[in-house]
There are 2 protein chains.
Amino acid sequence: MSATIKDIRKKTGLSLATISKYLNGGNVLPENREKIGGAIKELHYHVNDMARSLVTSQTRSVGMVVPSMVSPFHGSLIRYIESELKQAGYSLMVCDSMDDAEQERDNIEFLSRKNVDGLVLIPTGRKIQDILDLVPGRVPIITLDVKWSGISGVTIDNVRAGYEATSYLTERGHRRIGIIYIGKQCTGRQRLKGYCKALAKRGIQREEVLEIATDGTVDGAYEAMNQLLSLDRRPTAVFTCNHDMNIGAVMAMNDAGFRYPTDLSIIGFDDLLIPSILNPRLTVLEQPMEEMGNAAARIILEHMRHTDPADRKAEQHVYRAILHEGKSVERIDPEEAEKNS
Amino acid sequence: MSATIKDIRKKTGLSLATISKYLNGGNVLPENREKIGGAIKELHYHVNDMARSLVTSQTRSVGMVVPSMVSPFHGSLIRYIESELKQAGYSLMVCDSMDDAEQERDNIEFLSRKNVDGLVLIPTGRKIQDILDLVPGRVPIITLDVKWSGISGVTIDNVRAGYEATSYLTERGHRRIGIIYIGKQCTGRQRLKGYCKALAKRGIQREEVLEIATDGTVDGAYEAMNQLLSLDRRPTAVFTCNHDMNIGAVMAMNDAGFRYPTDLSIIGFDDLLIPSILNPRLTVLEQPMEEMGNAAARIILEHMRHTDPADRKAEQHVYRAILHEGKSVERIDPEEAEKNS
DNA sequence: CTGAAAGCGCTAACAT
DNA sequence: ATGTTAGCGCTTTCAG
C-alpha cells in the first residue's frame, strides 16, 4: 500500500543503498538527490519506522514515568519534554505510577520492554539500583526533580530553596515554623536541610514535632497539616514542599477553620495555578518548569546520540527556584508570638 | 545479545513456525508447549516487538492528543486510559497541543507517522474532516469530552449538565446568570443549550451580554469574567463550563475584589482539586473521570481488534455529570436582586 | 500439529 | 559516490 524504497528504486534507477543514504543524510550526488527527492514527493513516500527499527534497534521513542499525571507539576514537565522530543522526531510514552512504588517498577519494566531509546524518570523515591537493574544498560536514564548519583538529572538547588523559603519566614518574625516535606526522597530531605540551615542561622532550635515527613501526596499533606494544627503550641507558619502538598495543607486549614495569613502563615512550592487561584494569593517558590523540561529533553537526546554508554557522561543541571510573593505570610512580632503560644 | 526464536529452535529442535504459534496462542502439543516454555525461561526470551511490528504492521501503541497536559482534567483522563491500555500491552504516546489548533494538527500527523494503532483525541474544536484526512483509514480514532458524528466517543450529557447547573442557580433565586463556555466546541455549546433550557423553563429571557464564548483556557475565562463583572447590570451568578475556566473566573474575581458567594454566586465544572482547595468550596458538576477514561480505553482497544475498519461500529458512550455541592452559591430573593441591579 | 521457506522494509558492510 | 548483498527477528502461507 504505502510506497517503499524499492518503488523509489524503480522510479529513479538508483540502488537501495543510495536511497537509504539519502534518507539518512549521507553523501549523494546533487542530481541523484533531486531524482530521489522527486520520487519521494511523487510517491508520497515515508520511511517505515518499523523496518528501520528492526535493523537499527532504535524506536525513536522515549519513555517517561511520573508519580501522578493529575499533578500539573508533572503535566507541565511532560509538556515541555514532549515538545522538545517531538521536534527531534522522538515520541514520548508516558506511564503514571499512581504514587505507588510497585507501579513505578512495573512501568519502567513495561517501557523497557517497549524498547524505548531512553527513559525520563520523576522517581517516587525508590532506590536507584532496583530500577537500573530493570533497564538494559544501553538505554540511557535521566531523572527529573530528584537527583540520583551517577545518573544525569535536572533539579533545582533544593537546599537553597528550602533555605530561602524558611528565611523569608524568619525574616518576618516567625520562630515556630512547621515543614511538610517528602521523607523518602532526597528532594524533600534537601528542602528540609535548607529549612534547618535557615533556622540555625537565626539560632532557632529545631523541634521534631514541627517537621513532618509525608509521601508527597495531597492526602499526606492534609493529614500532616492537621497534625500541625492540633499541636498544643502551634507553629505560626508552615512551609509546604511541593505543589500537591500546598493543596492538602490548604484544604486542611479550610476544613479546620483556619485562615491564612491571619491564623497561620504559609509558604508553598511551585507556581501552577493553585497559588494564584487562592485568595489571598499563596507565596511560593517557583520552579522554572519550561527550562527544566527543555533541559531534560536535551540531555536525554544527547545521551541517546551516543550509542556507547561509555560516551555518556552524567551531568546534573541545577536550576534555581524563585520566590514569588503572595499574601500568605504575615509579619509578626517574635516575642508577642512567644507569649501567645 | 537478547535471545531470539532461533535460539529457542536450537534448544527445542522445533521449527520457527511452531514457536511463533506458541507465542501467539496457537495450537501446540502440550509436550512441545512445555519445551518451548522452558527454553523461554532459560533464555530469558522476550518477543522482539520491532520485528513483530515489521511483519504485522502493528506497533501496539496508541496516540493521544490533548489540548493541554497542564490541566488535571486531561491528566486525569490520560492516567486512566494509560492504565487500561498498559494492561492490554499497549503503550500510550501523548502529545500536547498547547491549546493550539495548528499544533493539534501537527500532533495528529506526527502520531500517525509514528504508526500508532489507534488515536484518542480530546479535540480543541477543529473540524472533523480536516483531521480524518491526516490519518490512514485503517487507524481507528475516538474522541473524548467532545462528540464527533460518525466517530466513537466518550462524553457526558452536556445539555443535561448545563441544565442542571443552571437550574441549581434559578432554584436559588438567580435570574441574571452569566455563562462562560467554549464557543468553538460542541461540548461548550451544548452546555450553553442546557443553560438556555433552564432559563426558558423559568421564563427568563436570555441576554447576549451574559453569554460569553471563550477558547476554554484560564486566560480566556479570566477576561470573560472581567467582562461580566464590569457590566452595568452584573449577573448575580456565573456558570463556568470547564476546569480551567473555573480557575480563570475565580482569579478574575479575586483580582477585581469580588468574593463569592456574597458578591456573586458561582458554579463550575469538574471536581479536581480546585473546588476543594477553594474556600468557600466551589459547587461544581463532577464528571466521572475514571469511568470515562476506562471507557475510552476499552473502545479504542475494541476498535483496534478489528483490523477491517468496516467491522468497527461507531458508538457513543454518554455519562452523566453529578452536581457536587459546595458553598459558592447563595440563595437570593429574585425581586430584591432585581431592585438592586 | 509441525516444518520449510519467503519476505516485511530497511540498513550497513563490502566491493566497485 | 554508488551498487550488491546479507541480514534484523518475526509471522505466515503452503506442504506435509
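Chain A is the first sequence line, chain B the second, and so forth, proteins listed ahead of strands; every chain is numbered from 1. Since we're looking at a predicted model, the values are computed, not measured.
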S.K.: Is a donor on one side and an acceptor on the other found under 3.5 Å between the side chain of N294(A) and the backbone of I81(A)?
M.R.: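 Pair absent, no side-chain N/O of N294(A) close to backbone of I81(A).
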S.K.: Check S76(B) against M289(B) and note the closest heavy-atom contact, atom names and distance.
M.R.: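 So the two residues come closest at OG-CB, 3.5 Å.
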S.K.: What is the distance from OH of Y22(B) to C1' of dT11(D), rounded to the nearest Å?
M.R.: 17 Å
S.K.: Give a yes/no answer on whether the side chain of N48(B) brings an N or O atom under 4.0 Å of OP1 or OP2 in dC10(D).
M.R.: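 N48(B) to dC10(D) OP1/OP2: no side-chain N or O under 4.0 Å.
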S.K.: Is any side-chain heavy atom of Y80(B) closer than 4.5 Å to a side-chain heavy atom of D96(A)?
M.R.: no
S.K.: Looking at dT11(C), I'd like to know if its phosphate oxygens (OP1 or OP2) sit under 4.0 Å from a side-chain N or O belonging to N24(A).
M.R.: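 The answer is yes; a side-chain N or O of N24(A) sits under 4.0 Å from OP1 or OP2.
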S.K.: Please compare A51(B) and V28(B) by the position of their nearest nucleotide in DNA chain C and report the one closer to 5'.
M.R.: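 Nearer the 5' end of the strand: V28(B).
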S.K.: Give the rounded distance in Å between these two atoms: CG of N115(B) and P of dC10(C).
M.R.: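 Whole-Å distance recorded here is 11 Å.
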S.K.: I want to verify a distance call: between dG9(D), dA12(C), dA1(D), whose nearest atom is closest to the T56(A) side chain?
M.R.: dA12(C)
S.K.: So, R105(A) and E109(A), do they make that salt bridge, N to O below 4.0 Å?
M.R.: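 Yes, R105(A) and E109(A) are salt-bridged.
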S.K.: If I take atom CG in residue L54(A) and atom C1' in nucleotide dA12(C), what distance separates them, rounded to the nearest angstrom?
M.R.: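 After rounding, the reported distance stands at 13 Å.
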S.K.: Could you report the tightest heavy-atom contact between I122(B) and H74(B), atom names first, then the distance?
M.R.: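 Shortest heavy-atom contact: CD1-CD2, 3.7 Å.
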S.K.: Round to the nearest Å and state the distance from I5(A) atom CD1 to dT5(D) atom P.
M.R.: 15 Å
S.K.: Can you tell me the distance, in whole Å, between the NZ atom of K35(B) and the C1' atom of dC1(C)?
M.R.: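 Roughly 13 Å, once rounded to whole Å.
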S.K.: Look at all strands and tell whether Y45(A) reaches a base, only sugar-phosphate, or nothing, counting heavy atoms closer than 4.0 Å.
M.R.: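 Since only primed, P, OP1 and OP2 atoms lie under 4.0 Å of Y45(A), the category is sugar-phosphate.
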S.K.: Nearest to the side chain of V47(B) - dC10(C), dC10(D), dT12(D)?
M.R.: dC10(D)
S.K.: Rounded to the nearest Å, what distance is computed from the CZ atom of residue R52(B) to the C1' atom of nucleotide dG7(C)?
M.R.: 17 Å
S.K.: Got a list of side-chain donor-acceptor pairs under 3.5 Å for residues 57-72 of chain A, not counting sequence neighbours?
M.R.:
residue, atom, partner, partner atom, Å
T59(A), OG1, S61(A), OG, 2.9
T59(A), OG1, N115(A), O, 2.6
T59(A), OG1, D117(A), OD1, 3.3
R60(A), NH1, A88(A), O, 3.4
S68(A), OG, V70(A), N, 3.1
S68(A), OG, R79(B), NH2, 3.2
S71(A), OG, F73(A), N, 3.3
S71(A), OG, D244(A), OD1, 3.2

S.K.: Near DNA chain D, which residues from residues 6-18 of chain B have a heavy atom under 4.0 Å away?
M.R.: K6(B), A17(B)
S.K.: Assign T4(B) to base, sugar-phosphate, or nothing according to its heavy-atom contacts below 4.0 angstrom with the strands shown.
M.R.: sugar-phosphate
S.K.: What contact category does L29(A) fall into here, base, sugar-phosphate, or nothing, at under 4.0 angstrom with non-hydrogen atoms?
M.R.: sugar-phosphate
S.K.: Using the side chain to side chain donor-acceptor pair (under 3.5 Å) criterion, which residues pair with D133(B)? Sequence neighbours excluded.
M.R.: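 Here the qualifying residues are Q129(B).
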S.K.: What is the distance, rounded to the nearest whole Å, between atom CD1 of I19(B) and atom P of dA4(C)?
M.R.: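 Whole-Å distance recorded here is 11 Å.
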S.K.: Distance check needed: dG3(C) C1' versus I36(B) CD1, whole Å only.
M.R.: 13 Å
